[in-house]
Number of protein chains: 2
Amino acid sequence: MAIDNSLLSGSTTLLVLKLLEDGEMYGYQMIEELRRRSDRTFELKAGTLYPLLHTLEQQGWVTAREQSGSDTARPRRYYALTEAGRGQLAQKEAEWRTYAAAVTQVLEGGACLA
Amino acid sequence: MAIDNSLLSGSTTLLVLKLLEDGEMYGYQMIEELRRRSDRTFELKAGTLYPLLHTLEQQGWVTAREQSGSDTARPRRYYALTEAGRGQLAQKEAEWRTYAAAVTQVLEGGACLA
DNA sequence: TCTATTATATAGACAATCGATATATCAGGA
DNA sequence: TCCTGATATATCGATTGTCTATATAATAGA
């Protein structure tokens with residue numbers, strides 16, 4: 001099922017930081033990996049990701065390393081989490097859990113609370 | 001914990017429709033009820049809700065009934081779900097579950113999938 | 001030759017939320 | 001009495017996040 005784009009809003013940063021938790025990745029790879037891990041639910045667009053990566057870099061949450069491989073058409077920019085980025089990831093993960101729990105509570109809690 | 005505003009984006013319509021599932025409500029009441037049901041996680045702003053309600057009405061998902069009670073300072077606009085609105089609610093609820101499951105999968109799935 | 005894939009980048013359009021402001025009444029404290 | 005806060009709805013402009021479209025450039029395959 002294709003989900004409403006607007007649902008994605010706000011969680012994209014979390015998802016991108018999460019991808020970098022286990023090691024560096026380049027942008028195009030992130031799009032593919034995110035699609036794979038989410039069973040095609042998330043099909044992040046290039047026009048969304050690249051500006052976001054630049055923002056994350058400016059904020060000091062990731063660092064970039066350009067690798068102009070001879071085999072690739074265009075040099076890849078590998079991104080890695082900084083310590084600050086790890087902190088942000090932890091915080092955004094906690095925020096997500098709070099948010100998701102609250103939505104679930106509204107959806108299931110219905111009329112009666114203790 | 002106060003969550004990032006942008007996380008709310010896209011789920012607001014779902015939450016509002018859900019509130020109306022059990023009967024009609026007016027705007028101000030929805031703000032309070034949503035805050036209560038979510039344990040203060042959702043503090044929907046008036047500037048967000050009222051334009052949204054007008055949109056929902058235009059789309060035919062809710063109907064409005066104005067009640068100028070003698071005891072209230074200003075007449076209340078009571079909103080109720082239409083049949084189309086119920087359909088939308090069901091669809092948005094399904095979308096939410098798909099989306100939330102995908103985020104959880106990315107957060108927990110990590111590197112290894114079967 | 002032409003198209004698709006890999007790989008990054010930017011500009012402009014669009015949607016959703018917010019803060020600020022407006023209006024109007026009533027209750028309660030200083 | 002005056003002033004603040006709560007009740008109740010409404011609109012405007014700013015900000016943010018995502019998208020589509022476009023650009024560039026090399027390589028593989030039909």
Side-chain angles (χ1 to χ4, degrees), chain A residues 2-17 24-36 41-59 62 64-79 92 95-96 99 103, chain B residues 2-17 24-36 41-59 62 64-79 92 95-96 99 103:
Chain A
I3 59 161
D4 192 334
N5 298 330
S6 60
L7 268 180
L8 202 49
S9 195
S11 58
T12 306
T13 298
L14 163 63
L15 295 171
V16 167
L17 292 178
E24 63 178 13
M25 291 182 75
Y26 57 95
Y28 194 86
Q29 186 185 9
M30 292 182 205
I31 293 173
E32 291 184 309
E33 181 67 10
L34 196 56
R35 178 171 46 216
R36 191 185 70 78
T41 299
F42 300 137
E43 308 230 325
L44 194 57
K45 301 305 183 296
T48 304
L49 180 61
Y50 291 113
L52 172 61
L53 287 173
H54 300 328
T55 303
L56 296 181
E57 196 180 357
Q58 282 185 327
Q59 284 165 319
V62 301
R65 168 178 81 81
E66 191 135 342
Q67 178 157 331
S68 49
S70 54
D71 53 338
T72 55
R74 194 170 169 162
R76 294 169 174 165
R77 281 177 66 82
Y78 282 90
Y79 290 90
K92 286 193 175 291
E95 266 185 37
W96 159 257
Y99 163 68
V103 173
Chain B
I3 59 160
D4 192 336
N5 297 331
S6 61
L7 268 179
L8 201 49
S9 194
S11 58
T12 306
T13 298
L14 162 63
L15 295 170
V16 166
L17 292 177
E24 63 178 14
M25 292 182 75
Y26 57 95
Y28 194 86
Q29 186 185 10
M30 292 182 206
I31 292 173
E32 292 184 308
E33 181 66 11
L34 196 56
R35 179 171 44 215
R36 190 185 70 78
T41 299
F42 300 138
E43 308 231 329
L44 194 58
K45 301 305 182 297
T48 304
L49 179 62
Y50 292 113
L52 172 61
L53 287 172
H54 300 154
T55 303
L56 297 181
E57 195 180 358
Q58 282 185 327
Q59 284 165 319
V62 302
R65 167 178 81 81
E66 190 136 342
Q67 178 158 330
S68 49
S70 53
D71 53 339
T72 54
R74 193 171 169 162
R76 293 170 175 164
R77 281 177 66 82
Y78 282 90
Y79 291 89
K92 285 191 175 292
E95 264 184 41
W96 159 256
Y99 163 68
V103 173

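Convention: sequence-line order gives letters A, B, ...; per-chain numbering from 1. When reading the values below, keep in mind they use all heavy atoms of this one structure, side chains included, and skip hydrogens, waters and symmetry mates.
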[N] [atom2] sits how many Å from [X] [atom1], rounded?
X	N	atom1	atom2	answer
A:Tyr28	C:dT5	OH	C1'	6 Å
A:Tyr78	C:dA7	OH	P	8 Å
A:Leu44	C:dA7	CG	P	16 Å
B:Met30	D:dT7	CE	C1'	15 Å
B:Tyr79	D:dT9	OH	C1'	8 Å
B:Gln67	D:dT7	CD	C1'	15 Å
A:Leu53	C:dT10	CG	C1'	14 Å
B:Leu49	D:dT9	CG	P	9 Å

List for me each residue that meets salt bridge (charged side-chain N to carboxylate O under 4.0 Å, His left out) alongside A:Arg77, sequence neighbours excluded, and say none if there are none.
A:Glu57, A:Glu66
[X] side-chain proximity, nearest of [options]:
X	options	value
A:His54	C:dT6, D:dA8, C:dA9	C:dA9
A:Lys45	C:dA9, C:dT6, D:dT20	D:dT20
B:Tyr50	D:dA10, C:dC18, D:dT7	D:dA10

Side chain to side chain donor-acceptor pair (under 3.5 Å) partners of B:Gln67, counting only residues at least two apart:
B:Arg65
For nucleotides 12-17 of chain D, give me one character per nucleotide, 5' to 3': B if any protein heavy atom sits under 4.0 Å from the base, S if the only such contacts are to the sugar-phosphate, - if neither.
-----S
Would B:Leu14 and B:Glu95 count as a side-chain contact (heavy atoms from CB on, under 4.5 Å) if you check the C-alpha gap in whole Å, the side-chain angles of each, and the deciding distance to 0.1 Å?
CA-CA 10 Å; B:Leu14 162 63; B:Glu95 264 184 41; over 6 Å; no
Quick one: the side chain of B:Arg74 and the base of C:dT23, do they pair up donor-acceptor inside 3.5 Å?
yes
By side-chain contact (heavy atoms from CB on, under 4.5 Å), A:Thr13 pairs with (sequence neighbours left out) A:Leu17, A:Leu52, A:Leu56, A:Trp61, A:Lys92
Taking 4.0 Å as the cut-off, does a side-chain nitrogen or oxygen of B:Tyr26 come that near to OP1 or OP2 on D:dA8?
yes
Any chance you could measure B:Arg36, atom CZ, to B:Glu33, atom CD, to the nearest 0.5 Å?
4.5 Å
Passes side-chain contact (heavy atoms from CB on, under 4.5 Å), B:Ser11 versus B:Tyr99? Steps please.
CA-CA 11 Å; B:Ser11 58; B:Tyr99 163 68; over 6 Å; no
Under 3.5 Å, which donor-acceptor pairs link side chains of residues 42-50 of chain A to any protein atom two or more places apart or in another chain?
from: A:Glu43; atom 1: OE2; to: A:Arg40; atom 2: NH1; distance (Å): 3.4
from: A:Lys45; atom 1: NZ; to: A:Glu43; atom 2: O; distance (Å): 2.8
from: A:Tyr50; atom 1: OH; to: A:Tyr28; atom 2: N; distance (Å): 3.4

